[in-house]
> 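Before anything else, here's the structure in question.
Everything numeric in this text was worked out from a predicted model, so none of it was measured. The figures here come from the full heavy-atom set of this structure, side chains too, leaving out hydrogens, waters and symmetry mates.
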Amino acid sequence: MKIDFKGITAEELSFKLNRVKLNPEDKLDIKPQFSRQVRKVNGNDKLNFIALSVKIESTEAEPKPFDIMVTLVGVFEIEVANESEERKFVIEGTKLIYPYLRSAVTNLTASAYIAPLNLPVISGPIFPEDRDVYAFAVDNKLN
């Protein structure tokens, strides 16, 4: 498998301040929601896009001081031999984009003049569906 990272771009960066009154003793539970979309270019199976998003949204049941939506898109040129390698590419590509997503969220909140939000460092797969593939790859020294 050959992966060539071509670049990254921001597809969406949004921040909205909510006028929520929080008690100082209440613990704020941010609960970021992650999503991912993988796309191929028509006519060029080697060119792939991975869009990685994080959303933090206030609800009536769980008020949050702000809403955030960040989507970054990584562009990759890949050569894979089979479906298993393609799945491994999606996991590795996601791991490569995630630090950029963390940085974008931190910078977005800092630019809004609030305490910067730092998403956690994640060393393994972000998505539950990737964990079995990742564990197999680590156990079999395929990574």
> Start with the C-alpha distance between K55 and E12, add both sets of side-chain angles, then the distance that settles side chain to side chain contact (heavy atoms under 4.5 Å, CB included), and finish with yes or no.
CA-CA 11 Å; K55 178 168 70 170; E12 182 173 356; over 6 Å; no
> Counting distance only, does the side-chain N/O of N18 pair as donor-acceptor with the main-chain N or O of K64 below 3.5 Å?
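A pair under 3.5 Å: yes.
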> With side chain to side chain contact (heavy atoms under 4.5 Å, CB included) as the test, would you mind laying out the steps for I78 and M1 before giving the verdict?
CA-CA 7 Å; I78 65 168; M1 173 173 64; 6.0 Å; no
> Mind listing the closest non-hydrogen atom pair of A104 and L13 along with its distance?
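Answer, listing the atom of A104 first, then L13: CB-CD2, 4.2 Å.
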> Please confirm whether the backbone N or O of L117 pairs with a side-chain atom of T106, one donor and one acceptor, at under 3.5 Å?
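Confirmed, T106 side chain pairs with L117 backbone.
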> If only atom types and distance count, is the side chain of R39 paired as donor or acceptor with the main-chain N or O of F49 below 3.5 Å?
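No, the answer is negative, given that no donor and acceptor are paired below the 3.5 Å cut-off.
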> Any sub-3.5 Å donor-acceptor pair from S103's side-chain atoms to P99's backbone N or O?
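Between the backbone of P99 and the side chain of S103 there is no qualifying donor-acceptor contact (under 3.5 Å).
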> Take L119 and F34 through the side chain to side chain contact (heavy atoms under 4.5 Å, CB included) test and state the conclusion after the steps.
CA-CA 11 Å; L119 295 175; F34 295 96; 4.2 Å; yes
> Can any side-chain N or O of N42 pair as donor or acceptor with the backbone N or O of K40 at less than 3.5 Å?
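No: the side chain of N42 does not pair with the backbone of K40.
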> CG/D4 to NZ/K46 distance, rounded to the nearest 0.5 angstrom?
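Separation between the atoms: 11.0 Å.
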> Mind running side chain to side chain contact (heavy atoms under 4.5 Å, CB included) on R102 and Y98 for me, showing each step along the way?
CA-CA 6 Å; R102 286 184 71 236; Y98 182 72; 3.2 Å; yes
> Ignoring hydrogens and angles, state whether a donor on the side chain of S58 or D67 is under 3.5 Å from an acceptor on the partner side chain.
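Distance-only check fails for S58 and D67.
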> According to a 4.5 Å side-chain heavy-atom criterion applied to Ile, Leu, Val, Met, Phe, Trp and Tyr, with indirect links allowed, do F76 and Y100 form part of one hydrophobic cluster?
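Result: yes, single cluster for both.
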> Would K88 and E85 count as a salt bridge (Lys or Arg N to Asp or Glu O under 4.0 Å) here? Give the steps.
CA-CA 5 Å; K88 188 170 181 300; E85 281 190 353; over 6 Å; no
